[in-house]
Amino acid sequence: MNLFPHDPTAQGAQASRPVTGGMRARLAQQRMHARLLVVAGVFCILFLAIGIKLTVATIIRPMPPQQQQIAPQVPPIPKSDPKGMIAGDVALPQVHRASIIDRTGQVLAMSLPVAQVYANPQEMIDAADAAHKLKGALPTLDEAETRRRLSLNKQFVYLARDISPAQELAVNNLGIPGIYFEPGERRRYPMGRVAAQILGGVDIDDHGVAGVERFFDRRLDADRTPLRLSVDVRVQNVVHDELQAAMDMFQAIGACAIVMDVHTGEIITMVSLPDYDANDFGRAAPDARFNRAVTGMYEPGSTFKLQTTAMALQEGVAHIWDRFSSTPIKIGRFTISDMKSDHFDPWLTLPEVMAYSSNPAAAHIALDAGAARQQDWLRRMGFFSRVPIELPEAGRPIIPSGANWGVSTTMPVAFGHGVAEPPLSIVRGTAATANGGFLLRPTLVAGQAASADATDGAPDAGQTIPPDAERLISAANSDILRKILRLDVAKGTGQKAESPGYYVGGKTGTAEKIGPHGGYLKHVNVSAFTGIFPMNAPRYAIYVMLDSPKPTAQTHGWTTAGWNAAPTASHMITRIAPMLGLFPDTQHETAIEAALAIPMKPAVPRGYRALGPGNDPGTARLHEHERETEATAHPRGHAARSHDAAQAAQLAGHTEHAANDLPGPPGHRVHDRG
């Protein structure tokens, strides 16, 4: 028995005893258990934190995936945009070619992500099995051809092009070794036929080959910001429908229509028929791809009398009270005359020349001005050069040689024969007569004001003439021309172009077509109307053309502009004006008509001697030309013809009839309709 249990000497003796191996093992095990508990605790805390984080991220507050987490072939989910407020911001991050939009933000052209499927046949395990599986994912694939390609001794073969992201995912899920994808894009035109000739198209490598796609090819590839055009798809659709209806009614072989802002030069609408679906550009017929508005060259007919009148006023050749002979003019064996002249006097004032559309009178005005003045005027107005527009297809006009521009050229050109111009040139010239005299550069690119108007289409009242526009007509003469154009619709050949409340002004024009072997085709016409609305505050120029229209019972057998192009323009104006923020003003009709009024026979101011019988410089030039022609032809007898007479045969080729534009049936007196 230990009598001293707490004896320190005894305890020290026990502590000094050596630790055995079993005890050491137990201590190490205890330390290991402690470490495991600490590690397990840490992992529990981590798993708990991750679980909480996942619960919050996936259930309580789901987080959208980061952009870099989305596969490059998967487009972003579109946002709801019922008002179209962000429609103009279409720019997919996985495509490089910019979208094209209209002035309101509607998408006209965009590139969609696609993929090209290719393979390395040397990595194929079973070509037949791979081809069979691919056929299941790509139903349009030719299985036999695919099996042949996969069996070739090559390292690269294409299997399919332009597959959708969904198809790419289906092929990828097959897990076939040696199958790869190449990202790409495909151009699509959501509006189909709308503005097809304006947009043009791209090739297989997405490079522009026609239209604005070609003109802006570099810009569309370099800047992903959508290209905003001046075209308004709402107006484009209405004009297309009306033009198609007129083309069908009159069985025309082609037609075109243009609406242009007379202050900015922006093209609001440009329609050419027949047309095509822009998505099928490669398969479209050449006639459908042909843009009649800028590529087609047509004799302008009587619409050119507007330029003859503008030249006479601006150059001081004539005043509105001067009179010009409507007596038929013989030149060689051809005659310039009016089909019906019983509804007007042998001598017509300037307003009457336009209202009754007299060819001999217009020829006399041009003779008074002379060939040099006429050429210079048409050159400055842009009729001798390609119309400046962002379309590679814009063509050059067909004009006579300047060296041969004699009397026999001056006279027919005065009423729109002997020259061939694209319709856009006529619209441009018409706008210049009504906007204060400024010659604008037409454009398909929307100005800064377009985005501000996009939601409601209301015009910007503060728009002004571009600073680079050249003024060719004085404000006073522009005011006179506006009144003359209004007179032509109110009481002249363009009466069927009237749209109540919009005070339309304009000029009709009908020209016989030239046949394949030269010379004019009788009763085969190109009928056109060029005009402005509203004439009391000019805002838009409009042009309508029908190629080879047929007569109908409603037109009493006529195929002229007064019966087909003019009423078509009226229908268009009535429908599109409200879309453009213009509404009919009938409340102030009396005051507006009074402000636009011009008499058919203006009085001669005191102190002026008006041109007329016995005082017409052009008549003297004509008689001089006749004497020169007779002197040249006399030695050779009746079979000989002068150079000018031969040119007249080439340029005129027929007897001209100004009454082709008359809106009334045979025997109807035009001034009775006013």
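What you see below is based on every heavy atom in this structure, not just the backbone, and it leaves out hydrogens, waters and symmetry mates.
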Atom CE of M249: over 12 foreign heavy atoms under 6.0 Å: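 No.
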Just by modelled atom types, is the [Y] backbone N or O under 3.5 Å from a matching donor or acceptor in the [X] side chain?
{"X": "D102", "Y": "V233", "result": "yes"}
{"X": "D488", "Y": "G492", "result": "no"}
{"X": "Q197", "Y": "N291", "result": "no"}
{"X": "E390", "Y": "V212", "result": "no"}
{"X": "E185", "Y": "H96", "result": "yes"}
{"X": "R386", "Y": "A394", "result": "yes"}
{"X": "Q236", "Y": "M270", "result": "yes"}
{"X": "S272", "Y": "C256", "result": "no"}
{"X": "S302", "Y": "G509", "result": "no"}
{"X": "D205", "Y": "H207", "result": "no"}

Does a side-chain N-to-carboxylate-O contact under 4.0 Å join [X] and [Y]?
{"X": "D547", "Y": "K513", "result": "yes"}
{"X": "R103", "Y": "E266", "result": "yes"}
{"X": "R539", "Y": "D261", "result": "yes"}
{"X": "R218", "Y": "D221", "result": "no"}
{"X": "R292", "Y": "D287", "result": "yes"}
{"X": "R482", "Y": "D479", "result": "yes"}
{"X": "E315", "Y": "R380", "result": "yes"}
{"X": "E498", "Y": "R486", "result": "yes"}
{"X": "E242", "Y": "R575", "result": "yes"}
{"X": "R193", "Y": "D275", "result": "yes"}
{"X": "R97", "Y": "E213", "result": "yes"}

Side-chain heavy-atom pair [X], [Y] within 4.5 angstrom cut-off:
{"X": "V445", "Y": "F216", "answer": "yes"}
{"X": "P226", "Y": "I100", "answer": "no"}
{"X": "I198", "Y": "V231", "answer": "yes"}
{"X": "E593", "Y": "Y503", "answer": "yes"}
{"X": "L485", "Y": "M354", "answer": "yes"}
{"X": "M260", "Y": "S230", "answer": "no"}
{"X": "V259", "Y": "I576", "answer": "yes"}
{"X": "V238", "Y": "M572", "answer": "no"}

Intermediate values then yes/no, salt bridge (Lys or Arg N to Asp or Glu O under 4.0 Å), D217 and R214: CA-CA 5 Å; D217 189 47; R214 178 181 173 186; over 6 Å; no
Might you point out which heavy atoms bring [X] and [Y] nearest each other, and give the distance in Å?
{"X": "P549", "Y": "N525", "answer": "CD-O, 3.3 Å"}
{"X": "P442", "Y": "L440", "answer": "CD-O, 3.4 Å"}
{"X": "Q314", "Y": "L472", "answer": "CG-O, 3.4 Å"}
{"X": "S499", "Y": "T574", "answer": "OG-OG1, 2.7 Å"}
{"X": "G200", "Y": "Y276", "answer": "O-OH, 4.0 Å"}
{"X": "F215", "Y": "I389", "answer": "CE1-O, 4.4 Å"}

CA sep, side-chain torsions, deciding dist, call: F384, D376, side-chain contact (heavy atoms from CB on, under 4.5 Å): CA-CA 10 Å; F384 279 16; D376 181 63; over 6 Å; no
Nearest 0.5 Å, what's the [atom1]-[atom2] distance between [X] and [Y]?
{"X": "Y540", "Y": "I532", "atom1": "OH", "atom2": "CD1", "result": "12.0 Å"}
{"X": "T433", "Y": "K507", "atom1": "OG1", "atom2": "NZ", "result": "13.0 Å"}
{"X": "R396", "Y": "E421", "atom1": "CZ", "atom2": "CD", "result": "12.0 Å"}
{"X": "N564", "Y": "S527", "atom1": "CG", "atom2": "OG", "result": "3.5 Å"}
{"X": "Q495", "Y": "S570", "atom1": "CD", "atom2": "OG", "result": "12.0 Å"}
{"X": "I484", "Y": "M535", "atom1": "CD1", "atom2": "CE", "result": "10.5 Å"}

Side-chain donor-acceptor pair present, [X], [Y], cut-off under 3.5 Å:
{"X": "Q244", "Y": "D248", "result": "yes"}
{"X": "N237", "Y": "H240", "result": "no"}
{"X": "S357", "Y": "K305", "result": "yes"}

Ring centre gap for F281 and Y189 strictly below 6.0 Å: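 Centroid distance F281-Y189: not below 6.0 Å, so no.
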Worked verdict on V202 versus V209 for side-chain contact (heavy atoms from CB on, under 4.5 Å): CA-CA 5 Å; V202 297; V209 294; 5.6 Å; no
Derivation and outcome, side-chain contact (heavy atoms from CB on, under 4.5 Å), residues F415 and T308: CA-CA 8 Å; F415 48 85; T308 300; over 6 Å; no
Steps toward side-chain contact (heavy atoms from CB on, under 4.5 Å) verdict (T104, R234): CA-CA 9 Å; T104 68; R234 303 166 304 171; 4.0 Å; yes
